[in-house]
Amino acid sequence: MKTRQILTYLFIGVLLTNANAQKRKTTKPNIVVIYLDDLGYGDLSAYGATEIKTPNIDVLANEGVKFTNGYATSATCTPSRYGLLTGVYPWRNSEAKILPGTAPLIINTKQETLPKMLKRAGYQTAVIGKWHLGLGAGDTNWNGHITPGANEIGFDESYILAATQDRVPTVYIKNGRVDGLDPKDPIAVNYNKNFPGEPTGVDNPELLSMKWSHGHNNSIVNGIPRIGFVKGGKAANWSDVDMADHFLVKVQDYVRTHKKSPFFLYYALQQPHVPRTPNPRFVGKSGMGPRGDAILEADWCIGEFMKTLKKEGILENTLIVFSSDNGPVLDDGYYDDAVEKLGKHTPAGKLRGGKYSLFDAGTRVPLMAYWKGTIKPQVSDALVCQVDLLASLADLVGAKAEMGDSENMLQPLLGKSKKGRNNIVLEAGSNTCFRSGDWVMIPPYKGNAVNKQTNTELGVSLQFQLYNLKNDPSQDHNLAESNPAKLKELLAAFEAIRGKNYSNIK
Ligand code: NG6
Ligand code: CA
């Protein structure tokens with residue numbers, strides 16, 4: 001009798017453990033968002049690049065759901081990251097524009113965020129890499145506790161660079177404190193004026209190892225002229241050529257030390273944003289100069305990261321979403337051969353425009369979801385946007401969330417449906433446009449048609465523009481005049497979301 005009882009309990013125990021394991025596998029996988037900086041729609045071999053090979057990222061695309069209509073919310077970094085983390089369109093927040101390194105945090109600490117939602121669902125949360133959403137409450141003392149920041153909007157742990165690799169401060173910030181700061185050499189940052197006696201890109205060209213083409217002529221760190229002025233904090237300065245390795249070690253450590261219960265890791269690589277400083281191991285490898293080399297470096301980092309997930313035995317229990325914050329740019333302020341050595345490579349693929357542009361290459365980016373053993377490999381033309389991660393992942397983990405503009409795209413993300421959003425409001429600078437189905441409508445704006453510094457077509461015109469992206473992915477044929485009914489339909493749907501007060505033409 002006793003033995004039978006024990007056996008029964010054991011049997012029930014096994015059943016429960018199995019049920020739990022099953023539940024864990026289907027509802028609470030680890031979630032990793034891998035986010036690149038300025039990687040274009042055509043920059044990966046899985047997305048058609050022929051001049052560069054990205055075998056590790058290709059695994060995510062070819063063995064997961066590869067979206068051909070995946071969008072960032074904006075054609076620049078800060079607003080896209082805002083949309084990704086809050087589920088709210090960045091044009092709703094006037095502060096969600098490219099930020100200086102001294103900008104205060106632009107996400108309200110009371111606001112819903114992706115990491116907060118996942119924390120409520122029992123996840124451990126971390127951000128490692130580029131931040132660029134502001135830090136502190138204004139007038140930040142970089143020698144003290146820099147708050148509010150990532151830790152106050154839902155990340156248990158943060159190891160970040162404040163803004164961009166080309167902006168000061170050029171230090172890593174660990175949970176709100178400058179990592180490696182020597183208190184005897186306090187750090188000061190200013191975006192308006194230099195500190196007396198500090199060299200700059202304008203005054204001291206002899207100190208430069210990289211030359212600036214536009215902007216980027218303030219303080220010099222590691223021979224690279226930056227945006228903004230800095231003084232002190234020398235021991236804490238990062239090494240540019242080791243940055244990718246540095247973040248890689250951090251994400252690998254994070255996985256090793258947090259693998260026992262579900263985690264959300266936002267791994268925000270800085271490549272191929274300027275200044276492009278691939279480690280010497282990658283220099284010359286692409287034949288395309290530092291931009292191509294930096295892409296190869298990022299690809300390698302992601303391969304190493306995947307190896308770690310595998311080695312730690314959690315690859316099949318981890319959903320990975322890969323994307324980029326905005327489209328590609330070649331000369332973004334430094335002479336680094338990106339233009340000269342481009343050859344036949346097309347960073348935007350067949351799309352028109354690039355970073356900063358209302359044309360499609362500004363916001364249409366590589367986007368894929370990979371979950372080994374759970375997601376069936378496929379190409380999906382469903383219209384999805386990074387702003388949708390909040391609602392989609394909330395559904396996955398069974399959490400409630402304040403949805404904002406986020407739409408539940410869990411089924412397309414898992415490859416179980418090809419039905420995406422009906423439409424998206426897309427942003428470039430202060431202007432917005434509207435994609436609906438295969439169509440995109442760009443309202444009239446005044447301003448330059450071309451950014452002469454980066455040589456990007458901005459999509460700005462005094463005329464209405466209407467394109468059918470399915471037939472005309474390069475946006476060569478403006479159908480606004482020949483299809484007024486479609487134009488009217490899109491304009492009305494756009495204004496219903498965006499309101500009527502979007503134009504800069506008075
Ligand atoms: C621009 C910078 C550019 C880049 C960009 C932000 C100049 C002339 N250009 O203002 O180099 O830093 O801001 O890029 O300073 S993003 O990907 O973070 O949005
Ligand atoms: Ca960017």
Side-chain angles (χ1 to χ4, degrees), residues 33-41 43 71-85 90 95-103 106 129-135 160-170 191-192 200-202 210-219 221 224-229 240 243 266 268-277 290-291 294-295 298 322-336 338-339 347-348 353-357 361-367 386 426-430 448 450-456 458:
V33 172
I34 300 179
Y35 210 49
L36 268 73
D37 194 358
D38 297 1
L39 185 83
Y41 188 78
D43 272 326
Y71 281 84
T73 52
S74 175
T76 52
C77 165
T78 299
S80 287
R81 283 160 210 258
Y82 181 85
L84 173 83
L85 291 184
E95 292 174 336
K97 303 289 174 224
I98 299 175
L99 296 175
T102 44
I106 60 160
K130 176 177 176 175
W131 182 241
H132 213 188
L133 289 160
L135 291 171
I160 55 176
L161 63 94
T164 55
Q165 202 187 328
D166 52 348
R167 282 174 175 76
V168 298
T170 47
Y191 269 69
N192 299 318
T200 69
V202 174
M210 196 185 279
K211 301 255 179 291
W212 54 279
S213 58
H214 52 271
H216 305 101
N217 55 20
N218 300 157
S219 286
V221 181
I224 303 171
R226 316 274 169 162
I227 307 173
F229 302 100
D240 289 276
M243 184 177 284
Y266 171 35
L269 290 84
Q270 90 288 6
Q271 298 111 317
H273 194 281
V274 297
R276 298 164 185 133
T277 54
R291 185 174 188 278
I295 293 173
F322 174 101
S323 202
S324 170
D325 65 344
N326 53 253
V329 58
L330 295 176
D331 178 353
D332 207 13
Y334 297 96
Y335 292 110
D336 66 0
V339 175
K355 182 177 181 178
Y356 309 114
S357 182
T363 46
R364 206 201 300 193
V365 286
L367 197 158
Q386 293 163 7
L426 298 163
E427 175 197 270
S430 299
N448 295 332
V450 175
N451 178 332
K452 291 225 174 69
Q453 296 179 321
T454 59
N455 194 22
T456 315
L458 297 173

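Since the structure is predicted, the reported quantities are computational estimates derived from the model, not experimental observations. One-based numbering, in listed order, for ligands and for the atoms of each.
- Considering only non-hydrogen protein atoms, atom 8 (C) of ligand 1 sits nearest to H214 CD2, 3.4 Å.
- Residue D38 places at least one N or O, backbone or side chain, under 3.5 Å from an N or O of ligand 1.
- In the candidate list H132, H216, K97, Q270, H216 is nearest to atom 7 (C) of ligand 1, counting heavy atoms.
- Looking only at distances, no side-chain donor or acceptor of T363 sits under 3.5 Å from a matching main-chain atom of A72.
- At least one heavy atom of Y356 sits closer than 4.0 Å to an atom of ligand 1.
- Close N/O approach between H273 and ligand 1 is found [any backbone or side-chain N/O within under 3.5 Å].
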**Message:** Between V329 and H273, is the side chain to side chain contact (heavy atoms under 4.5 Å, CB included) condition met? List the steps.
**Reply:** CA-CA 8 Å; V329 58; H273 194 281; over 6 Å; no

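- The D37 neighbourhood of ligand 1 comprises atoms 17 (O), with distances under 4.0 Å to a heavy atom of that residue.
- Remark: ligand 1 and Q453 share no N or O pair separated by less than 3.5 Å (distance only, no angle test).
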**Prompt:** So N326 and D38, side chain to side chain contact (heavy atoms under 4.5 Å, CB included) or not? Walk me through it.
**Reply:** CA-CA 5 Å; N326 53 253; D38 297 1; 2.7 Å; yes

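- Here D332 has heavy atoms under 4.0 Å from ligand 1 in both its backbone and its side chain.
- One distance of note links OG1 of T454 with NE2 of H214; it measures 6.0 Å at 0.5 Å rounding.
- With hydrogens and angles disregarded, no donor-acceptor distance shorter than 3.5 Å links the side chain of S323 to the backbone of Y35.
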**Request:** Please lay out, stage by stage, how K355 and D325 fare under the test salt bridge (Lys or Arg N to Asp or Glu O under 4.0 Å).
**Result:** CA-CA 9 Å; K355 182 177 181 178; D325 65 344; over 6 Å; no

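- Between D166 and H216, the shortest heavy-atom distance links the atoms OD2-NE2, 2.7 Å.
- K130 contributes no side-chain N or O that, together with a main-chain N or O of L161, makes up a donor-acceptor pair within less than 3.5 Å.
- In terms of modelled atom types and a separation under 3.5 Å, the side chain of N218 and the main chain of G228 share a donor-acceptor contact.
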**Asked** Are Q271 and Q165 close enough, and set up right, to give a side chain to side chain contact (heavy atoms under 4.5 Å, CB included), and what steps lead you there?
**Response** CA-CA 9 Å; Q271 298 111 317; Q165 202 187 328; over 6 Å; no

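- For R226, no heavy-atom contact with ligand 1 is shorter than 4.0 Å.
- Judged by distance alone, with hydrogens and angles left aside, the side-chain atoms of Q386 form no donor-acceptor pair with the main-chain N or O of L85 at under 3.5 Å.
- For the Ca ion (ligand 2), the nearby protein N/O/S atoms, meaning those under 3.0 Å, are D37 OD1, D38 OD1, D325 OD1, D325 OD2, N326 OD1.
- Close approach to I227 involves these atoms of ligand 1, each under 4.0 Å from a residue heavy atom: 15 (O).
- Contact atoms of ligand 1 toward N326: 17 (O) (distance under 4.0 Å to a heavy atom of the residue).
- Considering only non-hydrogen protein atoms, atom 13 (O) of ligand 1 sits nearest to R167 NH2, 3.0 Å.
- Evaluation of the ring-ring contact (aromatic ring centres under 6.0 Å, His included) rule for Y82 yields no partner, not counting sequence neighbours.
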**Check against side chain to side chain contact (heavy atoms under 4.5 Å, CB included), R276 and Y334** = CA-CA 9 Å; R276 298 164 185 133; Y334 297 96; over 6 Å; no

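- The residue from D166, N218, T164 that puts a heavy atom closest to atom 12 (O) of ligand 1 is D166.
- With Y266 contributing its side chain and G129 its backbone, the two residues share no donor-acceptor pair below 3.5 Å.
- The K355 neighbourhood of ligand 1 comprises atoms 4 (C), 5 (C), 6 (C), 14 (O), 16 (S), 17 (O), 19 (O), with distances under 4.0 Å to a heavy atom of that residue.
- For C77, the closest heavy-atom approach to ligand 1 falls below 4.0 Å.
- Here's the thing with T76: none of its N/O atoms is less than 3.5 angstrom from an N/O atom of ligand 1.
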